[in-house]
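Single-structure report; data block below.
Predicted model only: the values in this text are computed from it and were never measured. One-based numbering along the sequence shown. Start at 1 and go down the list; that is how both ligands and their atoms are numbered.
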Amino acid sequence: MALTGKTAVVTGSTSGIGLAYARALAAAGVNVVINGFGEAKDIEAERARIESDFRVKAAYSPADMTKPAEIAGMIAFGEKTFGAVDILINNAGIQFVSPIEEFPVEKWDAIIAINLSSAFHAIRAAVPGMKKRGWGRIISTASAHSLVASPYKAAYIAAKHGIAGLTKTVALELAQSRITCNCISPGYVWTPLVEKQIPDTMKSRNMTKEQVINDVLLAAQPTKQFVTVEQVAALAVFLCGDEASQITGANLSIDGGWTAA
Ligand code: NAD
């Protein structure tokens with residue numbers, strides 16, 4: 001397969017969607033640099049599992065996505081360890097929910113840094129190597145919230161709309177360099193984080209599990225089904241292939257119809 005031997009850096013890949021990207025790329029023969037927070041032993045277990053499950057090389061970068069110098073260092077680490085960073089997936093993200101007039105300034109700053117500025121710093125650092133080698137794939141995890149808004153998520157929605165704009169700009173700049181830049185916009189994705197919210201919401205709203213899923217979590221998602229991390233990761237792997245070389249500057253929804261409504 002064409003991706004064998006390439007290298008990907010996936011930010012925020014110690015859990016959830018990012019880990020699924022890393023595993024799906026590894027399954028396609030790509031060496032991966034994983035990144036994100038968590039218990040050292042859990043991260044090492046995931047790293048080792050990628051190597052043993054897929055017979056590729058996996059390395060870990062602890063770079064903090066709020067720190068530009070560490071982000072540049074993560075790209076340099078990927079290039080030094082594997083000789084190249086061919087694929088960059090900007091995925092690290094956090095959320096905070098609050099009315100605008102009470103929104104904590106430090107939460108705004110953290111969300112803009114992690115969910116938006118980190119993609120700028122990583123792209124900026126990865127593009128010179130991609131240009132030199134004449135091939136690259138840049139993918140960012142945006143969100144249905146890059147296209148539509150919901151109340152109380154000012155920073156997250158501003159950051160995700162920013163990712164959509166950054167994606168288009170970078171795609172145009174690199175259009176003749178055999179480097180594509182796209183973003184993927186999931187709706188509600190089934191992750192451990194989502195699963196853990198269910199019992200509390202059942203209690204606080206006096207609802208059954210089905211009511212919480214259909215009327216709270218999936219209220220905006222017409223299919224009434226969660227997107228899976230594997231579905232999001234499969235789309236990213238497709239975007240890395242030759243079949244996707246003419247897809248650039250796109251914001252691809254995978255949201256059960258959410259943004260069609
Ligand atoms: P998650 O919490 O499971 O994963 C987030 C990852 O980011 C983790 O690996 C975490 O350690 C890492 N991270 C957080 N702060 C960091 C920092 N400062 N530096 C480095 N890494 C950091 O969440 P997820 O649901 O897998 O989300 C991944 C991405 O997908 C996010 O950008 C999120 O906005 C987006 N997204 C998620 C959903 C959903 O329903 N889960 C929907 C749309 C978009």
Supply the atom-to-atom distance T66 OG1 to I111 CD1, rounded to the nearest 0.5 angstrom. 13.0 Å
Would you check whether Y156 reaches within less than 4.0 Å of ligand 1, judged by its heavy atoms? yes
Going through the distances and angles, do L19 and E46 end up as a side-chain contact (heavy atoms from CB on, under 4.5 Å)? CA-CA 8 Å; L19 182 58; E46 290 298 356; 3.6 Å; yes
Proximity winner for atom 5 (C) of ligand 1, if only heavy atoms of A22, A142, G93, A92 are counted: G93
Establish whether I71 and I89 are linked, either directly or via other cluster members, by ILVMFWY side-chain heavy-atom contacts under 4.5 Å. no
Any donor and acceptor pair, going by atom type alone, linking the side chain of S61 with main-chain N or O of A63 inside 3.5 Å? yes
To which protein heavy atom is atom 20 (C) of ligand 1 closest, and what is the distance rounded to 0.1 Å? M65 CG, 3.4 Å
One thing to verify: whether R47 and E44 come together as a salt bridge, which I'm taking to mean a side-chain N less than 4.0 angstrom from a carboxylate O. yes
In ligand 1, the atoms that come under 4.0 Å of a heavy atom of G16 are 3 (O), 26 (O)
Kindly confirm or rule out an N or O of V189 lying under 3.5 angstrom from an N or O of ligand 1. yes
Does an N or O anywhere in G18 fall below 3.5 Å from an N or O of ligand 1? no
With no hydrogens and no angle check, just 3.5 Å: does a side-chain donor-acceptor pair link T11 and N91? no
Can N182 and I138 be said to form a side-chain contact (heavy atoms from CB on, under 4.5 Å), step by step? CA-CA 6 Å; N182 295 289; I138 300 166; over 6 Å; no
What protein heavy atom is closest to atom 43 (C) of ligand 1, reported as residue, atom name and distance in Å? P186 O, 3.4 Å
Among all the protein's non-hydrogen atoms, which is closest to atom 35 (C) of ligand 1, and how far away is it? T141 CG2, 3.6 Å
Under a 3.5 Å threshold, yes or no: a donor from one side chain and an acceptor from the other, between T141 and Y21? yes
Closest protein heavy atom to atom 12 (C) of ligand 1, given as residue, atom name and distance to 0.1 Å: G12 CA, 3.6 Å
If you have a sec, work out which protein heavy atom is nearest atom 3 (O) of ligand 1 and how many Å separate them, to one decimal? S15 OG, 2.6 Å
Nearest non-hydrogen protein atom, atom 37 (C) of ligand 1: I17 CD1, 3.6 Å
Is N35 reaching over with its side chain to a backbone N or O of V10, donor-acceptor style, under 3.5 angstrom? no
Should you measure from each heavy atom of S13, which atoms of ligand 1 turn up under 4.0 Å away? 9 (O)
Going by the 4.0 angstrom heavy-atom rule, the piece of S185 near ligand 1 is neither
Out of V227, N91, V194, L217, indicate the one that has the non-hydrogen atom closest to atom 28 (C) of ligand 1. N91
Before signing off on this row, confirm whether T14 and ligand 1 have an N or O atom pair separated by under 3.5 Å. yes
Which of the numbered atoms in ligand 1 are under 4.0 angstrom from any heavy atom belonging to N35? 20 (C), 21 (N)
Test ring pair (Phe, Tyr, Trp, His ring centres under 6.0 Å) applied to F103 and Y152, step by step: CA-CA 8 Å; F103 211 99; Y152 312 123; 10.0 Å; no
For atom 18 (N) of ligand 1, find the nearest protein heavy atom and state the residue, atom name and distance (0.1 Å precision). D64 OD1, 3.0 Å
Which one holds for A144 and ligand 1: side chain close, backbone close, both close, or neither close, with close meaning a heavy atom under 4.0 Å? neither
Within a distance under 4.0 Å of any heavy atom of G36, pick out the atoms of ligand 1 and give their elements. 11 (O), 21 (N)
If you count heavy atoms of other groups shown closer than 6.0 angstrom to CD of E39, is the number above 12? no
Less than 3.5 Å apart, any donor N or O on the side chain of S143 or S185 sitting next to an acceptor on the other? no
Under a 4.0 Å N-O cut-off, is there an ion pair linking R133 with D86? yes
Tell me, which protein residue and heavy-atom name are nearest atom 42 (C) of ligand 1, and how many Å apart are they? G187 O, 3.0 Å
Tell me whether K160 reaches ligand 1 (any heavy atom closer than 4.0 angstrom to a ligand atom). yes
Is_contact(atom 23 (O) of ligand 1), protein non-hydrogen, under 4.0 Å: no
Under 4.0 Å from a heavy atom of A63: give me the atoms of ligand 1 that qualify, with their elements. 19 (N), 20 (C)
Would you say that more than 12 heavy atoms from the other residues, nucleotides or ligands in this model lie under 6.0 Å from the NZ of K209, or not? no
